[in-house]
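I have placed the structure first, in the form of structure tokens, so that the comments after it can refer back to it.
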Amino acid sequence: MFKRTHTCGELQKVNIGDTVSLNGWVNTVRLHGQVVFVDLRDRYGKTQIVFNADSFSGDFEAVKKLSMEDVLSIKGQVKPRAESAINPNMATGEIEVVVENYIMLNEAAPLPFVISDRDNAEENLRLKYRYLELRMEELQRNMLIRHETYQATRSYLSAEKFVEIETPMLMKSTPEGARDYLVPSRIHHGKFYALPQSPQIYKQILMISGYDRYFQIVKCFRDEDLRADRQPEFTQIDMELSFIDEEDIYSTMEGLTKHVFKQVRNVELSGSFPRLTWAEAMDTYGSDKPDLRYGMELKDVKEFTNASDFNAFKSAERVMAIVVEGGAKYSRKIIDELTDYVKKYKAKGLAWMKGENGGFTGGISKFFSDDLHQSMRKELGVNDGDILFMIGDISSITLNALGHLRVEIAKRESLTKKDDFKPVWITEFPMFEYDEEADRFIAMHHPFTAPREDDIGKLDSDPSNTLSRGYDLTMNGYEIAGGSIRIHSQKIQEKVFSLLGLSREEAIEKFGFLVEALTYGAPPHGGIAFGFDRLVMLLAGTENIRDVIAFPKTTSATSLMDESPSNVSLDQLDDLRIQIKQSEK
RNA sequence: GGGAUCGUAGUUCAGUUGGUUAGAACGCCGGCCUGUCAAGCCGGAGGUCGCCGGUUCGAGCCCGGUCGGUCCCGCCA
């Protein structure tokens, strides 16, 4: 091999006359009989190298056999290109390297797909040959953005006195929350470790141990069904701080977020991030992770529908609407599609009417008097050419369905710009959700989340309306971080456990040492964790988490490249005293 | 656990109402070609239509099941 003197992205006119060596992959071959052009590629770029039968002393017949993705080492002289041969689309397009000698380092077998753009192959094939797909420019760019995000995070947090500490990957299985990935113990037959869903307990312990400000960029594991933005193993920027309140969290995390966006994308996120309470977010956007890049807020129309002759909404707990500017263009077919869309979220239907000639037409408009038409147009800001969509149901269904409709319409109408980033804090989450199936309260965030000071009394009197000191940072419709101020009082912790149906003994059994540790001098503390992959998705401008993970899994949690999960040998199972049950049926 | 959708050459796709020998482009192989940069021109090879079963005189196409990919609901403290 000729050790490279340059990468494939750097040679310029100033290098003309130099003898250089390049190493890289054959990106394309253009064969013209007695002259062969090859674009040699590495992760820094591409350079055109030229084999000319007149000047090349080696075996020219072999040169003619070069094919895509062969790995070459070449030595040659940098030459200027003729004016007409300059390629302005290439960073190195003003020069070429005339090859004097080359070594075939690895001849590539015929490829399962062409490595130019990702549409050339379906995803299952690209995942099987992920090492080939990772050669593509788009993924190399994403991996670089991810790398820069790690670096920006570490440098910022370290400068802010955060200490990076690793916590165990083999830990105790905890109930509540997501399903754990389990790891059987060989030494303790029948016992299992769990892979962390998050290092929650350890980081609180670290606060009790006095480490003040902790962070870790860490893998977490949740054995749940997947989505476009969810993988079974994913990465968090996990943080915990002592002697702080919400304001410290907000300002520190805004600083981190701004630093990352500036360093990685040169985007300035100016000022303090806006805040919405959970109730405001739900009422205004029908979502606890609202996309603030566009308006289309939800409007309460119950008083109007009550005054109309439209009876289907009379018994609805909540009737809300959104106004779509220019939406009167929607055909029956599109409205039917949108109706099917909201039905996924349990809405019974989608009522509509179009603004026209100073009033409303179509849909359910005939059930509303002319006076109602006028007051609704004025109150809701409807103009000719707009459409009003309404949903009536119990509050949670109305808000959720309309919130999703808002996002769907924004997508159809292309209301978002990729380089627009709109962060917003969501605060004052409810402490508990009622689980109908289990007939008990479950923690909305987790069992260590503190209630608001003002709401501590409600733990006894009105638990379902107790608000917590939890917070999420959301951006463009994604939850990118979530956390809370923790309970540091043993008394309140026990109260919360009992509301969750856990005795002190059960709590110690289930949450291990943390409960006991809280009794030995726990400082007030709180923390937050960023979904690192989602953050990188936003920075990279992709909507798919697999685009920002080097070796992702499919939606059925398999790896098509290494074919995991897989069977293991009987010996391995014997060591663990594990026997596989035959599946039922 | 449920719903939607996709699966045809190495790859991306087309394939009519169920009817003779399943097509195109790119890639691959061979030939021509000294200035291309998606090089061009000529020729060739390449198919268990995901798999199993059914309906039919006849299935890539219709039906049932199954496997795999994707998206969504549930789930994800």
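Here is how names work: the chains are called A, B, and so on, in the same order as the sequence lines, proteins then strands, and each is numbered from 1.
When heavy atoms are screened at a 4.0 angstrom cut-off, A/D117 is found touching no nucleic acid atom at all. Among the protein residues, A/F448 comes within range of no part of the nucleic acid, since none of its heavy atoms lies under 4.0 Å from any strand. At the heavy-atom level, A/T449 lies nowhere under 4.0 Å from the strands shown. Counting non-hydrogen atoms under 4.0 angstrom, A/R126 reaches nothing in the nucleic acid. At a threshold of 4.0 angstrom between heavy atoms, the contacts of A/Q197 with the nucleic acid are absent.
Side-chain proximity of A/N544 to the nucleotides B/rC71, B/rC37, B/rC73 is greatest for B/rC71.
Nucleotide B/rU5 is matched to B/rG69 when pairs are restricted to Watson-Crick or G-U wobble geometry with both distances under 3.5 angstrom. Checking B/rC62 for Watson-Crick or G-U wobble geometry (two distances, each under 3.5 Å) identifies B/rG54 as its partner. Base pairing of B/rU16: no nucleotide in any strand meets the Watson-Crick or G-U wobble criterion (both distances under 3.5 Å). Pairing for B/rC26 goes to B/rG10, judged as Watson-Crick or G-U wobble with the two contacts each under 3.5 Å.
For the C1' atom pair drawn from B/rG27 and B/rG50, the interatomic distance equals 22 Å after rounding to whole Å. Here, B/rA45 and B/rU56 have their P atoms 39 Å apart, quoted to the whole Å. As rounded to the nearest Å, B/rG46 and B/rG35 have P atoms that lie 35 Å from one another. Between B/rU12 and B/rU55, the two P atoms lie 34 Å apart (nearest whole Å). When the C1' atom is used for both B/rA9 and B/rA14, the distance is 13 Å, rounded to whole Å. Using P as the reference atom, B/rC32 and B/rG69 are 47 Å apart when rounded to the nearest Å. One P atom belongs to B/rU66, the other to B/rC26, and the distance between them is 41 Å to the nearest Å. B/rU8 and B/rU16: their P atoms are spaced 16 Å apart (whole Å).
Between A/E408 atom CD and B/rC72 atom C1' there is a gap of 11 Å when expressed in whole angstrom units. For A/D288 and B/rC76, the CG to P distance is 14 Å, given to the nearest whole Å. A straight line from CZ of A/R546 to C1' of B/rU70 spans 7 Å, rounded to a whole angstrom. When the C1' atom of B/rC73 is taken as reference, atom OH of A/Y341 falls 11 Å away, rounded to whole Å. Rounded to whole angstrom, the span from the CD atom of A/E122 across to the P atom of B/rU5 amounts to 16 Å. For A/K128 and B/rG10, the NZ to P distance is 13 Å, given to the nearest whole Å. Following rounding to the nearest Å, A/E123 (CD) and B/rU11 (P) show an atom-to-atom distance of 16 Å.
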Provide a list of protein-nucleic acid N or O atom pairs under 3.5 angstrom, restricted to nucleotides 43-47 of chain B.
none

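For the OP1/OP2 pair of B/rG74 and a distance below 4.0 Å, the side-chain nitrogens and oxygens of A/R230 include no atom meeting the criterion. In this structure, A/R227 reaches the B/rC73 phosphate: one of its side-chain N or O atoms is under 4.0 Å from OP1 or OP2.
A search for ring-ring contact (aromatic ring centres under 6.0 Å, His included) contacts involving A/H404 returns A/Y345, not counting sequence neighbours. A/F37 pairs by the ring-ring contact (aromatic ring centres under 6.0 Å, His included) definition with A/H32, not counting sequence neighbours. Scanning for side-chain hydrogen bond (donor to acceptor under 3.5 Å, both in side chains) contacts around A/Q140 gives an empty result, with sequence neighbours left out. Residues forming a side-chain hydrogen bond (donor to acceptor under 3.5 Å, both in side chains) with A/N89 (at least two apart in sequence, or on another chain): none.
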Summary of protein contacts for nucleotides 23-36 of chain B, nucleotide by nucleotide, where a base hit scores B, a sugar-phosphate-only hit scores S (4.0 Å, heavy atoms): ----SS-S--BBBB
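Checking each of A/V50, A/V35, A/V98 against A/S55 for a side chain to side chain contact (heavy atoms under 4.5 Å, CB included) leaves exactly one that passes, namely A/V98.
Pairs engaging residues 83-98 of chain A under the salt bridge (charged side-chain N to carboxylate O under 4.0 Å, His left out) rule: A/K13-A/E94 [sequence neighbours left out]. Among pairs with a residue in residues 195-206 of chain A, those fulfilling salt bridge (charged side-chain N to carboxylate O under 4.0 Å, His left out) read A/K203-A/D238, A/K203-A/E240, at least two apart in sequence or across chains. For residues 467-482 of chain A, every residue pair satisfying the salt bridge (charged side-chain N to carboxylate O under 4.0 Å, His left out) rule, not counting sequence neighbours, is listed here: A/E246-A/R469, A/E453-A/R469. Pairs of residues two or more places apart, or lying in two chains, that qualify as salt bridge (charged side-chain N to carboxylate O under 4.0 Å, His left out) and include a residue from residues 551-563 of chain A are A/E233-A/K553. Pairs passing the ring pair (Phe, Tyr, Trp, His ring centres under 6.0 Å) check and including a residue from residues 462-482 of chain A, sequence neighbours excluded, read A/Y250-A/Y471.
The stretch residues 547-563 of chain A comes close to RNA chain B through A/T554, A/T555, A/S556, A/T558, each having a heavy atom under 4.0 Å from the strand.
Taking the six-membered ring where the residue is Trp, A/Y434 and A/F441 present perpendicular rings, their angle passing 60° and hence far from 30°.
Contact annotation: side chain of A/D225 to base of B/rG74, donor-acceptor pair present below 3.5 Å.
With respect to the salt-bridge test (charged N to carboxylate O, under 4.0 angstrom), the residues A/R30 and A/D39 qualify. In summary, A/E100 and A/K75 do not engage in a salt bridge, as defined by a charged side-chain N under 4.0 Å from a carboxylate O.
In the model, A/T554 has a side-chain atom that pairs as donor or acceptor with a side-chain atom of A/S556 under 3.5 Å.
Each of A/T28 and A/K344 has a nearest nucleotide on RNA chain B; the 5'-most of these lies closest to A/T28.
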